[in-house]
Amino acid sequence: MTALTGVILAGGQGRRMGGQDKGLVLFRGIPLYQHVLQRLRPQVDIVMISANRNLDRYHSSGCRVISDTLPDYPGPLAGMLSGLQAAQTEWVAFCSCDTPFVPTDYVEQLRRQRAETLCVWARSSERDHPALALLHRTLAQPLADYLQRGERRLMQFLREQGGHAVTLSQDEAAFRNVNTPEDLEDNAL
């Protein structure tokens with residue numbers, strides 16, 4: 001596989017975080033997205049951040065910042081669509097901004113086990129993690145069509161494209177999401 005683009009998905013409304021921009025919420029003194037950036041950057045050639053507010057703060061990371069091309073925060077698929085449309089590489093790896101312990105080799109594991117499919121996503125021992133995904137940029141048009149029909153279910157889209165889960169060997173803690181203020185205070189994190 002040639003060059004890869006990585007996209008950090010930070011464009012949500014942060015409803016469960018009291019409306020805060022989740023990527024910028026401090027976790028251990030550092031914005032959440034920075035934890036993800038530190039882990040994703042060595043796995044890809046280019047990193048972009050999908051954000052819909054506080055764009056200047058995300059720009060300060062030195063990464064290209066892209067926004068949803070669809071209105072009204074339609075969910076992670078909108079950020080994925082923007083990433084696929086903006087990417088200059090054939091393959092794009094995605095990660096949500098609220099996964100501070102994302103495996104440092106998840107992109108390689110997805111790449112190695114994708115077989116001939118155009119999309120794969122991570123699975124831990126307990127469940128699927130479809131926002132940790134590797135997609136071919138030719139899926140941009142099918143994704144745009146899917147969203148245009150009003151669909152928003154990420155797993156359904158990936159399955160409809162013939163994708164499959166890749167079970168990663170990491171401990172379940174590597175996949176923990178920080179979704180609420182209580183999660184920020186959780187000592188297990």
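Taking the side chain as every heavy atom from C-beta outward, T99 and R176 never approach each other to under 4.5 Å. R123 places none of its side-chain heavy atoms less than 4.5 Å from the side chain of H129. Side-chain contact check for V92 versus L4: every heavy-atom pair is 4.5 Å or farther apart. In this structure, the side chains of V25 and P31 stay at 4.5 Å or more apart for every pair of heavy atoms.
Here the options are L158, L147, L143, the test is side chain to side chain contact (heavy atoms under 4.5 Å, CB included), and the partner is M80; only L143 passes.
Residues L77 and M155 are members of one and the same hydrophobic cluster, defined by side-chain heavy-atom contacts under 4.5 angstrom among Ile, Leu, Val, Met, Phe, Trp and Tyr. When the side chains of ILVMFWY residues are joined at heavy-atom separations under 4.5 Å, either directly or via intervening members, Y33 and I30 end up in two distinct hydrophobic clusters.
For R57, the CZ atom sits in a loose shell: 12 or fewer heavy atoms of surrounding residues, nucleotides or ligands are nearer than 6.0 Å. Counting heavy atoms of neighbouring residues, nucleotides and ligands inside a 6.0 Å radius, atom CD of Q148 does not exceed 12 of them.
With hydrogens and angles left out, the side-chain atoms of D21 and Y58 include a donor and acceptor closer than 3.5 Å. Remark: the S125 side chain and the E172 side chain contain an N/O donor-acceptor pair separated by less than 3.5 Å.
Once rounded to the nearest 0.5 Å, the distance linking OH of Y146 with CG of L139 reads 12.5 Å.
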